[in-house]
**Q** 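One structure coming up, written as structure tokens, with questions to follow.
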Number of protein chains: 2
Amino acid sequence: MNLREDVHTAGIPVLCQACEARHRGVCGALDPNQLVTLAKASSKQTIEAGAELVGDMETVDHYSNVLAGVVKLTKTLSDGRQQIVGLQFAPDFLGRPFKSESAVNAEAATNVSLCSFPKGAIERMMRESPGLENRLLRQTLKELDEARDWMVTLGRKTAAEKVASFLLLIANHIDPSSGDEGRATTFDLPLTRAAIADFLGLTIETVSRQLSKLRAEGVISIENNRHVSVARRDRLEARAGH
Amino acid sequence: MNLREDVHTAGIPVLCQACEARHRGVCGALDPNQLVTLAKASSKQTIEAGAELVGDMETVDHYSNVLAGVVKLTKTLSDGRQQIVGLQFAPDFLGRPFKSESAVNAEAATNVSLCSFPKGAIERMMRESPGLENRLLRQTLKELDEARDWMVTLGRKTAAEKVASFLLLIANHIDPSSGDEGRATTFDLPLTRAAIADFLGLTIETVSRQLSKLRAEGVISIENNRHVSVARRDRLEARAGH
DNA sequence: CGATGCTTTGACTCCGTTCAAGATCGGTGG
DNA sequence: CCACCGATCTTGAACGGAGTCAAAGCATCG
């Protein structure tokens, strides 16, 4: 084992110093020495909205942390029907350990900033440092919880409930402070209508109609198609079917 | 409980000797000493179909391995609509590490045999033995892959495709040998029509109608409502929408 | 035997899709 | 600045697939 001899922020690579993933992400499990080793092999990159990060069935040789933006994970049937099976926000870990090929398609839903490192480097550190595996397990369990929540939405909720649930999901991610206050939550949708439809298992038209209905009923207001303001979150929650 | 004191087959507890979980399950990560320690605190139990194993929001104090039978994990909306979010077969691990309360309801879909151990014992061993955490990570990733596959089915497939996909899922679990051979695969459905409906996000009636259609078309045959024989698996696959 | 709980089948309804115009946004160039 | 354009989004009308309601068929078990 390595001796602890570094001063607190002294040995932290500049690449990592302001990085969210160092605290709340998987890198939080690494000590300064490991962080230096990993940072040497890492590279920060910016991807524009719509670009494909990882293709389905594609061999993957690197993993990443999402530093900013939203990544959507999709699956597509042979005839083109598509379903979003996961949304990743900062500081989520992007990649599927123990498999060389990806079973999903990863695409930048917004402009995205990533910190990428070679597959081998992570796998080596997983063997050395049990804390890293623990972080990955926790993140995977979190994603499984989210997937299961979403299965209820996909299988059992109406279109109106699905759209309300989606808006709450985004609102909670953008502004985690509880909505019990009177003031409105306001944010930009990170997804187009088409992406929202793929996420909810609906068509673009149905999503649009349900959003229009919520606006007509005064639950939300929309500007420029993307900017949403939730006037009363409790009314949205009532429509989400809990 | 019943642990043999004399050394036999390298000190493996009798409880574990014929256990599938020792090879393919999480216990495969443990050495004989750990196995003995865990076996001391473990107990095998049999549960009859329909019994509730873990209630939603319930505090959980033990984890289990599924030794035989099928466990269904469900989520229920406030108005009673229900969705199955996971099916567990032997030798799956049953439990949610790092959370004291369960977010799902676990119920025996068939008669089930479990090996249960106190939460604390597993958590202690996770700290001592990184191999155990690795096994849990792999199992969780597998469950996440399955959940994501199912999200596509729930969100984007028709009722006919959903039912065909379900039959294939069960057929592959009961008889993993590839269906490229001419002979028919035959099995008992571990789920009632109501459970199948909850799994597929459909109603009982729709499931029944789709099964009748497949039977009328000669793709499957059904006896006694439960016993299914898949005449030609390729025709079922064609209907599952891949 | 009937009694009970599943399952199947039929008739009708309704929610979300499909098909088809328009409307609005953002960018580009005259 | 405005005209034009493609992409995205909204709205309307008609259709169809799955849900709902209702009744009858079949198991299993006393």
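Since the model is a prediction, treat every value here as computed from it, not as a measurement. Proteins get letters first, then strands, A, B, ... in listed order; numbering begins at 1 in each.
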**Q** What's the CZ-P distance between Arg156(A) and dC15(C), to the nearest Å?
**A**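 Distance, rounded to whole Å: 17 Å.
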**Q** Could a donor-acceptor pair under 3.5 angstrom be found where the side chain of Arg209(A) meets the base of dG12(D)?
**A**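 Side chain to base: pair present.
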**Q** Tell me if the side-chain of Glu205(A) makes a donor-acceptor pair with the base of dC19(C), cut-off 3.5 Å, by modelled atom types.
**A**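 Side chain to base: pair present.
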**Q** Can you check whether Thr206(A) has a side-chain N or O nearer than 4.0 Å to OP1 or OP2 of dG16(C)?
**A** no
**Q** Which whole-number value in Å describes the distance from Ile204(B) CD1 to dT7(C) P?
**A** 7 Å
**Q** Grab the CZ-C1' distance between Arg226(A) and dG26(C) for me, whole Å please.
**A** 12 Å
**Q** So if I apply the side-chain hydrogen bond (donor to acceptor under 3.5 Å, both in side chains) rule between Arg239(A) and each of Gln210(A), Glu161(A), Glu217(A), which one comes out positive?
**A** Glu217(A)
**Q** Taking NZ from Lys213(A) and P from dG12(D), how many angstroms apart are they, rounded to a whole number?
**A** 14 Å
**Q** Tell me whether the OP1 or OP2 atom of dT11(D) has a side-chain N or O from Arg215(A) closer than 4.0 Å.
**A** yes
**Q** Which residues in residues 187-199 of chain B have at least one heavy atom lying under 4.0 Å from any atom of DNA chain D?
**A** none
**Q** Rounding to an integer number of Å, can you tell me how far Ile222(B) CD1 sits from dT8(C) C1'?
**A**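 Roughly 10 Å, once rounded to whole Å.
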**Q** Measure the shortest side-chain to side-chain distance between Leu15(B) and Gln17(B) over non-hydrogen atoms and say whether it is less than 4.5 angstrom.
**A** no
**Q** Could you tell me whether the side chain of Lys75(B) and the main chain of Asp149(A) form a donor-acceptor pair under 3.5 Å?
**A** no
**Q** When the distance from CG of Leu202(A) to P of dA18(D) is rounded to whole Å, what number comes out?
**A**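 In whole Å, dA18(D) P lies 14 Å from Leu202(A) CG.
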**Q** Using a cut-off of strictly less than 4.0 Å, decide whether Ser208(B) has a side-chain nitrogen or oxygen near OP1 or OP2 of dT7(C).
**A**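 Ser208(B) to dT7(C) OP1/OP2: no side-chain N or O under 4.0 Å.
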**Q** I need the single residue from Val104(A), Val71(A), Leu94(A), Val60(A) that forms a side chain to side chain contact (heavy atoms under 4.5 Å, CB included) with Val54(A). Which is it?
**A** Val60(A)
**Q** Name the nucleic acid region contacted by Gly201(B), choosing base, sugar-phosphate or nothing; use a 4.0 angstrom heavy-atom cut-off, strictly under.
**A**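 Counting heavy atoms under 4.0 Å across all strands, the contact made by Gly201(B) is with sugar-phosphate only.
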**Q** Without decimals, in angstroms, what is the distance between Leu211(A) CG and dG16(C) P?
**A**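 So the CG-P distance, Leu211(A) to dG16(C), works out to 14 Å.
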**Q** In terms of side-chain heavy atoms, does Gln83(B) have a donor or acceptor partner in Asp198(B) at a distance below 3.5 Å?
**A**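 No, Asp198(B) and Gln83(B) have no side-chain donor paired with an acceptor closer than 3.5 Å.
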**Q** Have a look at Val163(A) and tell me which of Thr206(A), Thr158(A), Leu214(A), Leu236(A) forms a side chain to side chain contact (heavy atoms under 4.5 Å, CB included) with it.
**A**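 Exactly one pass, corresponding to Leu214(A).
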**Q** Ion pair present between Glu143(B) and Arg148(A), side-chain N to carboxylate O less than 4.0 angstrom?
**A** yes
**Q** Roughly how many Å is it from CD in Gln210(A) to P in dC9(D), rounded to a whole number?
**A**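 Value for this atom pair: 16 Å.
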